[in-house]
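These notes are about the structure you will find just below.
Values below: every heavy atom of this structure, side chains too, minus hydrogens, waters and symmetry copies.
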Amino acid sequence: MTAPLAVDPCTAAQWLREGAVLVDVREAEELAICQLAGARHVPMRDIPSRVGELPRDRPVLVLCHHGARSLQVTRFLRDQGFAQATNVAGGIDAWAREVDPTLERY
């Protein structure tokens with residue numbers, strides 16, 4: 001089954017509670033500002049060489065700052081056969097507004 005290309009942060013939070021994997025494709029400097037517990041950090045540029053680390057048997061949520069980089073990574077993963085790769089629309093900025101307002105925004 002193919003997952004939607006993108007979901008809102010509230011839906012993504014629910015998927016995480018149900019066992020999805022969260023991949024944060026932001027740079028280390030961005031993670032120093034704010035990050036989500038349990039997320040796998042794989043910078044966007046490293047995705048092609050580290051794609052083998054990601055599970056193919058469960059949803060993979062992809063997160064960046066506002067959703068543009070993560071959408072590109074989601075499309076790349078889909079092209080690599082990850083039918084359950086899904087972008088977190090609006091990125092961690094939207095997550096901070098809609099799910100966890102204690103997160104620092106930048």
Side-chain angles (χ1 to χ4, degrees):
M1 182 173 158
T2 301
L5 185 61
V7 294
D8 63 86
C10 292
T11 300
Q14 178 62 39
W15 286 19
L16 286 176
R17 289 189 291 272
E18 295 170 356
V21 172
L22 181 63
V23 178
D24 193 327
V25 299
R26 296 177 300 142
E27 297 297 319
E29 304 81 39
E30 294 174 281
L31 265 69
I33 298 168
C34 65
Q35 60 184 298
L36 299 179
R40 294 184 189 189
H41 178 226
V42 183
M44 182 178 181
R45 70 180 175 280
D46 294 343
I47 288 289
S49 65
R50 295 180 59 190
V51 73
E53 298 174 21
L54 304 177
R56 293 179 180 269
D57 61 343
R58 57 197 242 212
V60 174
L61 293 163
V62 187
L63 179 82
C64 70
H65 187 200
H66 286 117
R69 286 175 285 175
S70 54
L71 181 58
Q72 289 180 340
V73 170
T74 298
R75 287 186 171 135
F76 172 81
L77 291 174
R78 291 279 182 106
D79 288 345
Q80 302 305 306
F82 288 82
Q84 296 185 76
T86 300
N87 182 43
V88 179
I92 199 158
D93 188 68
W95 191 287
R97 288 191 319 267
E98 300 172 25
V99 178
D100 184 357
T102 66
L103 288 174
E104 175 125 9
R105 293 179 61 207
Y106 63 100

Item to check | CA sep, side-chain torsions, deciding dist, call: Phe82, Thr74, side chain to side chain contact (heavy atoms under 4.5 Å, CB included) | outcome: CA-CA 9 Å; Phe82 288 82; Thr74 298; over 6 Å; no
With the side chain counted from C-beta on, respond yes when [X] and [Y] share a heavy-atom pair under 4.5 Å apart, and no when they do not.
{"X": "Cys34", "Y": "Arg26", "result": "yes"}
{"X": "Cys64", "Y": "Glu27", "result": "no"}
{"X": "Thr2", "Y": "Arg78", "result": "yes"}
{"X": "Ile47", "Y": "Val25", "result": "yes"}
{"X": "Leu36", "Y": "Asp24", "result": "no"}
{"X": "Asp93", "Y": "Leu103", "result": "no"}
{"X": "Arg40", "Y": "Leu22", "result": "no"}

Checklist entry - Are Arg75 and Asp79 close enough for a salt bridge, meaning some N to O gap below 4.0 Å? => result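 No.
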Item to check | Passing candidate, side chain to side chain contact (heavy atoms under 4.5 Å, CB included) with Leu71, options Leu5, Val62, Thr86 | outcome: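 Of all the options given, the one that passes is Leu5.
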Checklist entry - In the single-linkage hydrophobic clustering (I, L, V, M, F, W, Y; side-chain heavy atoms under 4.5 Å), do Leu16 and Val23 co-cluster? => result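 In one cluster with Leu16: Val23, no.
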Checklist entry - Does Val51 share a hydrophobic cluster with Val73, counting links as ILVMFWY side-chain heavy atoms below 4.5 Å and allowing steps through other members? => result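 Val51 and Val73: one cluster.
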Can you tell me how far the [atom1] atom of [X] sits from the [atom2] atom of [Y], to the nearest 0.5 Å?
{"X": "Glu104", "Y": "Ile92", "atom1": "CD", "atom2": "CD1", "result": "11.0 Å"}
{"X": "Asp46", "Y": "Met44", "atom1": "CG", "atom2": "CE", "result": "11.5 Å"}
{"X": "Gln72", "Y": "Leu77", "atom1": "CD", "atom2": "CG", "result": "12.0 Å"}
{"X": "Trp95", "Y": "Cys10", "atom1": "CH2", "atom2": "SG", "result": "8.5 Å"}
{"X": "Arg56", "Y": "Gln84", "atom1": "CZ", "atom2": "CD", "result": "11.5 Å"}

Nearest heavy-atom neighbours spanning [X] and [Y]:
{"X": "Glu30", "Y": "Tyr106", "value": "OE2-OH, 3.0 Å"}
{"X": "Ala20", "Y": "Leu61", "value": "CB-CD1, 3.9 Å"}
{"X": "Val88", "Y": "Ala12", "value": "CG2-CB, 4.0 Å"}

Item to check | Any side-chain donor near an acceptor of the partner, Asp8 and Thr11, under 3.5 Å | outcome: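 The answer is yes; a qualifying pair exists.
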Checklist entry - Can Arg17 and Gln14 be said to form a side-chain hydrogen bond (donor to acceptor under 3.5 Å, both in side chains), step by step? => result CA-CA 5 Å; Arg17 289 189 291 272; Gln14 178 62 39; 2.8 Å; yes
Next on the checklist: Test salt bridge (charged side-chain N to carboxylate O under 4.0 Å, His left out) on Arg58 and Glu18; report intermediate values, then the result.
Outcome noted: CA-CA 10 Å; Arg58 57 197 242 212; Glu18 295 170 356; over 6 Å; no
Checklist entry - How far apart are the C-alpha atoms of Gln35 and His41, what are their side-chain angles, what is the distance that settles it, and do they pass the side chain to side chain contact (heavy atoms under 4.5 Å, CB included) test? => result CA-CA 9 Å; Gln35 60 184 298; His41 178 226; over 6 Å; no
